[in-house]
Number of protein chains: 2
Amino acid sequence: MSSKALPYRPHNHAACVQQALAGARAVCKAQNARLTPTRERVLELIWQSHKPLGAYDVLAALAEDGHNAAPPTVYRALDFLLQYGLVHRIASLNAFIGCTHAGEHHTSVFLICRSCRNALELAAPSVADAVREAAAAQAFTPEETTIEIAGQCPNCRHD
Amino acid sequence: MSSKALPYRPHNHAACVQQALAGARAVCKAQNARLTPTRERVLELIWQSHKPLGAYDVLAALAEDGHNAAPPTVYRALDFLLQYGLVHRIASLNAFIGCTHAGEHHTSVFLICRSCRNALELAAPSVADAVREAAAAQAFTPEETTIEIAGQCPNCRHD
DNA sequence: TGAAAATTTGCAACATTATAACATTCGCCC
DNA sequence: GGGCGAATGTTATAATGTTGCAAATTTTCA
Ligand SMILES: [Zn+2]
Ligand SMILES: [Zn+2]
Ligand SMILES: [Zn+2]
Ligand SMILES: [Zn+2]
């Protein structure tokens, strides 16, 4: 869960990460939340990968920084980032990925390639609507939605 | 993850389980798959609960039978049941539940109550369609779909 | 300022979920 | 009833996630 590969589509990823971090700082400031160095570093590490990153991958990356962290450090940072909508947890992978719509209220769909392991977050309002309707038909009140599609991305389709 | 509660709607659950087991036997027979005693017992244990059951819950239930099983026994049985579509894995809970559409090709939506922990499987073709379209729009080829909605069921709504 | 309070972090142990590797037994076919 | 592949038993270990408490840091407010 830690080898390198091209992101979904080529782009200046360093800039992409910086923009995400700036957005995160703004979100935290607006909500009086403290984006401490550890939290920010964890967010940066997650953003640097287009693949969902496991908690222990983050831990290993912190170790390379010389930060001798234990699991709770990472999980606490992840809890914070989840709480403020800065990252998502991909349940089917036990892994985390940066949210591309931080600060906006949204229901995401994740397209997860089983070959290259990249994951793409979609807003997909039509899916969100269909889910809401299905739940309403059962008088069920949705609080949190997990929609993860595993398959093949266009780049990996011809294996 | 093992206390008892009413199922979503009251019904004769023993009959419900027996019907599921009969269906499972039919599916296995049709595919020349061996529904061995351990596998069938695991399926029965899972069906007896309307709540998704963890692998170690199953293990504990087997122990009460006097079956001194180790984790691989349970995971192998679960793998078999998953492979033949007799149970589903709920990724957000690390737990398993009997499939109410065994033998039929389907994309399910799970409504999972955070209060009573019951889970309801829906066919929800409109959701499946919306997901397919969203994936197609990204030239993504879906292979497996995880849709899990956590929230409050009608019985638990007024806490 | 400067102590009290709240939040965050460090740290050790532990809990839960899942798999690897290899030996043994079972069911089936001949 | 011997051979063979599938299924199970057994032991150990990997991977993921949590609890509890102490130390350090930041915030609050007198
Ligand atoms: Zn998002
Ligand atoms: Zn791919
Ligand atoms: Zn099903
Ligand atoms: Zn409920």
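As the structure is a computational prediction, the values presented were derived from the model and not from experiment. Below, chain A is the first sequence line, B the second, and so on; all start at residue 1.
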note: B:F80, atom CZ; D:dT8, atom P; distance rounded to Å ~ 9 Å

Looking at A:R39, I'd like to know whether one of its side-chain N or O atoms comes within less than 4.0 Å of OP1 or OP2 on C:dT8.
yes

Given the structure, check if the side chain of B:R76 and the base of D:dG9 hold any donor-acceptor pair shorter than 3.5 Å.
yes

Check for me: is B:Y56 stacked on C:dT17 by the 5.5 Å centroid and 30° plane-angle rule?
yes

Phosphate-side-chain proximity, B:T73 and D:dG9, N/O vs OP1/OP2 below 4.0 Å:
yes

Under 4.0 Å between a side-chain N or O of A:N68 and OP1 or OP2 of C:dG10?
no

Any salt bridge between A:D79 and A:R76, counting N to O under 4.0 Å?
no

DNA chain C: A:P37 or B:D79, which has the more 5' nearest nucleotide?
A:P37

Rounded to whole Å, please give me the gap between OH in B:Y75 and P in D:dT8.
17 Å

Nearest-Å distance, CG (B:L78) to P (C:dT19)?
10 Å

Give the rounded distance in Å between these two atoms: CG of B:L59 and P of D:dT10.
13 Å

In whole angstrom, give the distance that lies between atom NE2 of A:H67 and atom C1' of C:dC11.
12 Å

Looking only at side chains, do B:E133 and A:S126 share a donor and an acceptor under 3.5 Å apart?
no

Over all atoms of both residues, closest heavy-atom pair of B:L81 and B:V42:
CD1-CG1, 3.9 Å

Atom CD of A:Q31 to atom C1' of C:dT7: distance rounded to whole Å?
17 Å

Distance check needed: D:dG17 P versus A:L93 CG, whole Å only.
11 Å

Most 5' of B:R34 and B:P72 on DNA chain D, judged by nearest nucleotide
B:R34

Are any of A:R89's side-chain N or O atoms less than 4.0 Å away from OP1 or OP2 of D:dG17?
yes

Does any donor atom in the side chain of A:H88 or A:E121 lie under 3.5 Å from an acceptor atom in the other side chain?
yes

Please check the phosphate of D:dT8 (OP1 and OP2 only) for any side-chain N or O of B:T36 closer than 4.0 Å.
yes

Indicate the ring-plane relationship of A:Y84 and A:F80, choosing parallel, tilted or perpendicular according to the 30° and 60° boundaries.
tilted

To the nearest Å, give me how far apart CG (A:L82) and P (D:dT16) are.
16 Å

